[in-house]
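Note that the structure is a prediction, hence the values are computed from the model and not measured. Counting from 1, the numbers follow the sequence of the chain as shown.
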Amino acid sequence: MVEVCIGTFHGPGGPLQVVTTELGVVAAEWHPNGDAVLARVRRRLRALDVVQTLDVVQARPAGRAASRAADILAEATPIIEALLAGKDAPAARLPVDLADRPAFDQRVLAVVRDVGWGQIASYGEIARRVGAPRAARAVGGALGRNPIVLLIPCHRIIASDGTLGGYGGDGWVDRAQALERKRALLAREGVTVRIRDR
């Protein structure tokens, strides 16, 4: 059994739902509905029995022992708030839990985690860094499945022509809105990238 904690943060283009377990951040999704995000986390972690959820905004009930999931969410809160405010923060030091992801996705996300504030890389560059130089499209797929946006900064990965190729999500916003969110996140880091015309 595992305790899962969720916090809602407000940023460019909508709310960011962040979910933690005792192993680390397991999800960070741009989505208005925390229950929908929790349902996806439950499906991903199907071997685990989610016994309780806490909201980071609410004070821990009196007499309640601290949990590792709550501690990780508390540690992540100032980092997420800084990133959403357009400030650099040490997101790479936060523990993340990607154990349920395919091995290729884990390798891609580990490399993307090292793309620093105000930097960009292409899908092809990431493919080369993971030892699969012809897998730029597969890298795009892995980033489209990134369950921990912002903290694993897939918004810093762009097309080889220097444009914003895409930005994942579960479809609660359309492609244009998703790309505008990616552009806004990069602009907060001092990076100007144009959206590709279709």
Side-chain angles (χ1 to χ4, degrees), residues 11 13 16-31 37 40-41 43-48 72 75-76 79-80 82-84 88-171 175 178-196 198:
L16 179 71
Q17 307 290 340
V18 178
V19 182
T20 59
T21 69
E22 72 270 3
L23 298 177
V25 178
V26 72
E29 296 185 27
W30 298 109
H31 201 285
V37 173
R40 268 195 295 284
V41 168
R43 282 192 299 276
R44 277 181 50 205
L45 307 178
R46 59 189 167 273
L48 301 176
I72 291 171
E75 179 185 355
I79 293 170
I80 293 164
L83 291 170
L84 292 173
D88 191 4
R93 73 180 172 103
L94 289 172
V96 297
D97 181 10
L98 297 169
D100 68 306
R101 304 287 80 195
F104 180 77
D105 288 15
Q106 288 183 39
R107 287 187 0 240
V108 168
L109 297 174
V111 168
V112 168
R113 216 167 170 204
D114 291 334
V115 178
W117 178 266
Q119 299 174 357
I120 54 174
S122 72
Y123 297 99
E125 288 174 60
I126 300 301
R128 286 188 291 281
R129 291 182 198 176
V130 298
R134 295 183 182 179
R137 190 167 286 204
V139 164
L143 294 180
R145 294 183 295 273
N146 176 11
I148 307 175
V149 300
L150 193 63
L151 299 175
I152 298 178
C154 55
H155 64 278
R156 296 178 186 151
I157 312 307
I158 63 171
S160 60
D161 66 1
T163 63
L164 302 180
Y167 193 51
D170 72 351
R175 180 180 187 278
L179 288 174
E180 177 54 31
R181 180 185 295 133
K182 182 172 181 172
R183 189 208 58 75
L185 288 167
L186 287 170
R188 287 171 172 229
E189 297 182 23
V191 176
T192 302
V193 180
R194 69 181 176 84
I195 296 173
R196 179 186 301 161
R198 280 208 147 204

Tightest non-hydrogen contact, residues Ala92 and Arg113, listed as O-NH2, 3.4 Å

Other residues, nucleotides, ligands: >12 heavy atoms within 6.0 Å of Arg145 CZ: yes

Are side-chain heavy atoms of Leu109 and Val96 found at a separation under 4.5 Å? no

Does some side-chain heavy atom of Leu151 sit less than 4.5 Å from a side-chain heavy atom of Leu83? yes

Report the residues that fulfil salt bridge (charged side-chain N to carboxylate O under 4.0 Å, His left out) with Arg156, sequence neighbours left out, ordered by chain and then residue number. Glu189

Any donor-acceptor pair under 3.5 Å from Asp105 side chain to Arg107 backbone: no

Working to the nearest 0.5 Å, report the span between CG of Asn146 and CD of Glu29. 9.5 Å

Arg183: what forms a salt bridge (charged side-chain N to carboxylate O under 4.0 Å, His left out) with it, not counting sequence neighbours? Glu180

Do Glu75 and Leu94 have side chains that get closer than 4.5 Å, going by heavy atoms? yes

Would the distance check show the side chain of Gln106 and the main-chain N or O of Leu98 forming a donor-acceptor pair, the cut-off being under 3.5 Å? yes

For Ile72 versus Glu22, what's the shortest heavy-atom pair and its separation? CD1-O, 3.7 Å

Considering only heavy atoms from C-beta outward, does the side chain of Val115 approach that of Ile126 to under 4.5 Å? yes

Any heavy-atom pair between the side chains of Ile152 and Val25 that's under 4.5 Å? no

So, do Arg44 and Val26 sit near enough that their side-chain heavy atoms are less than 4.5 Å apart? yes

Using every non-hydrogen atom in the two residues, find where Ala127 and Ala135 come nearest and quote the distance to one decimal. CB-C, 3.8 Å

Residue pair Leu186, Ile120: steps toward the side chain to side chain contact (heavy atoms under 4.5 Å, CB included) verdict: CA-CA 9 Å; Leu186 287 170; Ile120 54 174; 4.0 Å; yes

Heavy atoms of Cys154 and Val149 approach each other most closely as SG-CG1, 4.1 Å

Identified side chain to side chain contact (heavy atoms under 4.5 Å, CB included) partner of Tyr123 from the options Leu143, Val108, Ile158: Leu143

Minimum heavy-atom separation for Phe104 and Ala132, please, with both atom names. CE1-CB, 4.3 Å

Side-chain touch His155/Leu150, heavy atoms, less than 4.5 angstrom: yes

Minimum heavy-atom distance Ser160-Ser122, with the two atoms named: CA-CB, 4.1 Å

Any side-chain to backbone donor/acceptor pair from Gln17 onto His31? Under 3.5 Å, distance only. yes

Are Val191 and Val193 close enough that some pair of their side-chain heavy atoms sits under 4.5 Å apart? yes

